[in-house]
Every structure is written in structure tokens, then in C-alpha cells.
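One structure is given below, encoded as C-alpha cells.
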Amino acid sequence: MATSGTYVTEVPLKGTAEKHYKRWKSENHVFPDAIGHHIQNVTVHEGEHDSHGSIRSWNYTWDGKEEMFKEKREVDDENLTLTLRGLEGHVMEQLKVYDVIYQFIPKTEDTCACKITIVWEKRNDDSPEPSTYMKFVKSLVADMDHHMAFFRLTRVSRRLLESSVSATPSSSYVFHSQQQHIYLSKPVTTTRHYISPLLKYPLWSHNHDVWSKGTDFHHEKVLGVGWNHRLVAGMSSVVEGNPKKDDKEKSGVGCVKEASWVDLYLPEGARGYAKLARLDKPIGTWLLAWPCMWSIALAADPGSLPSFKMMGLFGCGALLLRGAGCTINDLLDRDIDTKVDRTRLRPIASGLLTPFQGLQFLGLQLLLGLGILLQLNNYSRVLGASSLLLVFSYPLMKRFTFWPQAFLGLTINWGALLGWAAVKGSLEPAVVLPLYLSGVCWTLVYDTIYAHQDKEDDVKVGVKSTALRFGDDTKLWLTGFGTTSMGLLALSGLSADLGWQYYASLVAASGHLGWQIGTADLSSRTDCSRKFVSNKWFGAIIFSGVVLGRTFQ
């Protein structure tokens, strides 16, 4: 049987789900004028524009090539879902099955999202995967949203337009308001008008004939449909505005996340790699870096600050190693990730990047990490290289044991050993072993809370976690691990002969850990995520205590 697969992604949209669904269901004929750089023609061969079972063909341009796609449509008004089943066309030359599913999901009163699913099966194993078509379909949805958003802006500014045109010395300009759009009663050659003195954008960048033929919207040529798309794209930010504050805190199922700096500032070709390395989610880097920083600070001479050079090297190393670990995880879990709501939009699972691209990126990350490791002494090089066995094997643990969080603790806290070795050239077991084990217990606390986000999906998929192992007794287990972690931190400080400031920080850190465990709502994905992210402050509290305890020793 030839290779098959499913790509899933989600595009945040402005406006209600019903309006977007109506546009995609009933008004495909306006697409060539709205986004002519993508769609050149839409032809209905059987049925009507909005009927279930209709057959139509699309002429479009993708990657500089003109192509055709013929599909049979399935309509689900109850779930606001359209399914386009491929019949003929360029994409069908390589694929036996190619179905594109658009589902419009309400989010708030004035926002929604389009969940795009592409189901495909190759005709033979030599055929390429259709991953580039997901990018194309996403761009169609996003650009139609920009067009609709700009059209909403024109309704707001309609009075300005009416007064501008009525001031022209000609009796041929007669406006009619039909379905909240503006039509002209006869063909005119338009001139430049401005939406407002502040925007200074030309309303029309080309000459158009705009006709009115009664109230039949499907046969009207609507004012603005043929506007220059660059103008629409440029104006869309004015229409959309800033995300609401409440949206920033949403996570998990059915939520549209606020665009990160990766989406806003990186070139499109780099975004997938940045998200693969989780550069838009720095909490993992903090959790990897803090045990390193604790150890480096412990290794400082009494009365001295920790080595800034070492902290800089380990900070860069944490960023690279965390990214490499996420890449390995996504490569190994790509089939599982598509079945879990929280992970189905990851770059490899969604088809944004291919597994081979992921492997290439992993090689680059490991090469850069090797450059960091070679800056350390020989003892640290060997110790650091040995951690790769843990890094590569950790993603597999959820398949075999209910304790993958413990294995993550052994992996992510390796820096507690390595930081001391990088400064001292050897290990001091009485200091670093309690520090390392305390980090393992700390990881069991925060990653078990994190795992409660996915427990329903984990059961369906068949993977294991401490969240499932502990069940209703989770908080009792976490209290035990948290208490053990604080005790081991105290033992490490005693062995290192730290000052009283360190123990004061342990009191504050204990309060923070107790707050996490005591107030965590394990049935709420949002609260679990919030508690997990808060552990960057736990790490900072311990670090400040080590620095003060050593400096004033």
C-alpha cells in the first residue's frame, strides 16, 4: 500500500465563523477578483455554488506554476465544514487521494479559526508528499481573511467615500446601497480617492468598470473586489488591531494563540525551523539552563561571583540542546503528535516541515552545540557528550513506562553535573549529586503538572505518563517529590558551605513550589500550562540564593 498521511493546521481569522463559512461555501466565484494572484478562475460543472455534491474546477497559480484542481464538494452546515474531494488535476497526478477539509470554528464573538485538514495517499511510494500544498491552502484562507477585513473597513469609511464622489461635478455617479455594499449605476472610469487623510492610500490603483444589475449578489461586480491585493494586505493590520488580552492566556483545545515574535518578525521560510526548536516558547530553555547556572554558581570561589563566561556558554548551549531535543522529539513522535490536540500543529506533524528537513536542522543544531562543548575542558567534553544518549532516548520512554517524567529529569538536569565540572575540571559528589537529584525531583513536579494537559489524549493514543500513573493521588505524589527536592537542595548547600542567604531562598522556593502544587487545577489545561511556566521563577529564586550565599560566604 502506498504511503498516506494527514496534515492539520489552524488559521486564526477575524469575523464570525458563519460569515467565513458562507464565503467559502457560496461565494467562490468572487475569489479570482479578491485573490487573483492565487485563484484565476472557478467553474461549477455540476450543481450550484452552495450545493452538496457539486463539482467544480479551480485554476490557480502556486510556486509560479499554473495548475488546475477539480473537486467534488461535501457540505456540513451544522459543523460549518466543507470537504473538497479531489477528482482530477495536477495534484492528482501524484496522489490517489487528496481531500481538503475546511472547518470554521467560533472562538469569540468576533473571531474564529479555520481548521484545515489535508488527507492524502500517494499513487506510489516514489511520489512526493503534498506538503507544499498545505502552505498554499493556508495562504488562500489568510488572504481571503485580509480581503474580508479590508472590505469591513470600507463599510466604516463609506460616508467619506460617498461625500468624495458626490463632490465630483458629474451627474452620472448615482449610488445604491445593496447588502451593505456600494454599487454604481453605470460604468465609470475611477480616479484616485483616499480613505482618510491619515492613511493616504489610493482607494483604486487601477481603472475598473463597476456595474449594478439589481440585487443579485452572485452576479454583481462589487466595488473593491478588484482592488490591488498589496493594498489589502497593507491595510489589514489597521482592521485587525491587536489581539485581546484574554487571548494571550488561552492554550489547549479550541484556542487560537496570539502570534509570537516568530510569526511577526522572521521570514516565512525560517518560521517552521524556529517553531521546531521552540524558540517561541522559551520556558524549556530556562528549565534546562537553571540547573547549569546553579552548578556554576556553586563552583565559584567563596566571596566571588559565578563565571560570566561559563554562564554565557551554558546559556547558548541550553538554547541549542533544548532545540535539538525538541527536534528529536518531534521526529520520533510525528505520528503521535497528529492525534493530540496540543501538538497536532507542530511543524513536522502538520506538514509544515518534512522529516528530512527536520533531520538536516538537527544536524545543524548538534554541530553548533559541539562548538560550545569544545570550549570546555576535556573532562566536561566527555561528560557533556555522554548526555546525548539520554537526549535521544527520552522521547521513546512514554511508549514503555509510566515514568517518562523521571527520565526527562535525568536528561534536563545533566547541567547540574556539567556546570561544576566545567569550572573545577572534576566532580564533587557531595555537592553535585544532591543538586542533580533535587533537579530530577523538581522536574517530576512541574512535568507531571504539564502532563495533565494531555492525559485524555494520552489514553486514546496509548502513551504513558506520571499524570496517568498518579491519577487522583497526583498532589500527594507531588508533595513528596517537592519536599525531597528541597531537602536535597539544602544538603547540597550544606556540603558547599553556603551562607544563610541560600537557605532564605529555599524558604521562598518552597513557598513557590507549595503554591504550584496546592493551587494547580489539574483538570484545566490553561492552569496546568500557567503553573508549568511559572517554574522559571523557581529556578531564578534558587540561583539568586546560591549567588548570595557564595558571595557573602
Side-chain angles (χ1 to χ4, degrees), residues 283-284 286-295 297-298 387 390 394 397-398 401-420 427-452 464-498 500-520 522 528 531-546 549:
I283 180 59
W286 282 114
L287 296 176
L288 179 60
W290 280 130
C292 304
M293 303 306 169
W294 299 347
S295 188
L298 274 172
S387 69
L390 294 170
Y394 157 67
M397 292 299 108
K398 66 174 75 69
T401 176
F402 280 102
W403 294 86
Q405 281 68 32
F407 207 86
L408 175 65
L410 295 173
T411 306
I412 202 170
N413 291 284
W414 198 256
L417 306 176
L418 190 58
W420 181 283
L427 290 177
E428 181 64 43
V431 176
V432 297
L433 283 182
L435 185 69
Y436 177 57
L437 293 175
S438 72
V440 174
C441 292
W442 174 44
T443 303
L444 276 161
V445 173
Y446 66 68
D447 208 53
T448 298
I449 294 175
Y450 185 77
H452 271 274
K464 302 175 175 66
S465 71
T466 49
L468 297 177
R469 172 64 180 82
F470 300 158
D472 294 337
D473 295 327
T474 290
K475 291 197 175 185
L476 182 62
W477 280 91
L478 296 188
T479 300
F481 287 122
T483 302
T484 303
S485 178
M486 300 313 301
L488 288 168
L489 283 170
L491 179 60
S492 181
L494 286 171
S495 300
D497 198 25
L498 294 179
W500 65 267
Q501 295 88 349
Y502 173 71
Y503 303 100
S505 76
L506 293 188
V507 174
S510 297
H512 186 282
L513 210 57
W515 165 78
Q516 283 188 59
I517 297 169
T519 64
L522 300 179
C528 287
K531 295 299 191 300
F532 170 74
V533 170
S534 74
N535 279 277
K536 63 187 177 184
W537 301 115
F538 177 90
I541 293 169
I542 299 298
F543 176 71
S544 63
V546 175

Could you tell me whether the side chain of K464 and the main chain of P404 form a donor-acceptor pair under 3.5 Å? no
Listed pairs under 3.5 Å, donor-acceptor, residues 483-491 side chains, sequence neighbours left out:
| unit_1 | atom_1 | unit_2 | atom_2 | d |
| --- | --- | --- | --- | --- |
| T483 | OG1 | T479 | O | 2.8 |
| T484 | OG1 | G480 | O | 2.8 |
| S485 | OG | S438 | O | 2.9 |

Considering residues at least two apart in sequence or located in another chain, which fulfil the salt bridge (Lys or Arg N to Asp or Glu O under 4.0 Å) criterion with K531? D527
Donor-acceptor under 3.5 Å (T401 side chain, M397 main chain): no
Partners passing ring pair (Phe, Tyr, Trp, His ring centres under 6.0 Å) against W403 (at least two apart in sequence or in another chain): F470, W477
Does W515 have more than 12 heavy atoms from other residues, nucleotides or ligands lying within 6.0 Å of its CH2? yes
I need the minimum non-hydrogen distance between L435 and S492, along with the two atoms involved. CB-OG, 3.8 Å
Hey, is the main chain of L417 close enough, under 3.5 Å, to the side chain of S295 for a donor-acceptor pair? no
Can you measure from OG (S465) to CD (Q405) and round to the nearest 0.5 angstrom? 5.5 Å
Under 3.5 Å: donor-acceptor pair, side chain of K475, backbone of L522: no
Indicate yes or no for a side-chain donor-acceptor contact from Y503 to the backbone of G549 under 3.5 Å, with no hydrogens or angles considered. no
Tell me the closest heavy-atom pair linking I449 and Q516, and the distance in Å. CD1-OE1, 4.2 Å
Quick one: CD1 on I541 to CH2 on W290, what's the gap to the nearest 0.5 Å? 10.0 Å
Ring pair (Phe, Tyr, Trp, His ring centres under 6.0 Å) partners of W442, counting only residues at least two apart: W294, Y446, F538
Donor-acceptor under 3.5 Å (T448 side chain, A467 main chain): no
Specify the closest pair of heavy atoms between A297 and F543, including all atoms of both residues, with the distance to one decimal. CB-CE1, 4.0 Å
Can you list the residues that meet the side chain to side chain contact (heavy atoms under 4.5 Å, CB included) rule with C292, with sequence neighbours excluded? F314
Please find the pair of heavy atoms, one from L298 and one from V546, that lie closest to each other, and give the distance. N-CG1, 3.6 Å
Kindly compute the distance separating CG (L513) from CG (N535), expressed to the nearest 0.5 Å. 7.0 Å
Quick check for you: to the nearest 0.5 Å, what is the distance between S505 atom OG and W500 atom CH2? 10.5 Å
Only pairs at least two apart or in different chains count here, so list each side chain to side chain donor-acceptor pair (under 3.5 Å) that has a residue in residues 408-417. N413-T443
Looking at NE2 of H452 and OG1 of T466, how far apart are the two atoms once the value is rounded to the nearest 0.5 Å? 7.0 Å
Positive for side chain to side chain contact (heavy atoms under 4.5 Å, CB included) with L408, one of D447, L287, L444, V440: D447
Straight-line distance of I283 CD1 to S534 OG, nearest 0.5 Å: 8.0 Å
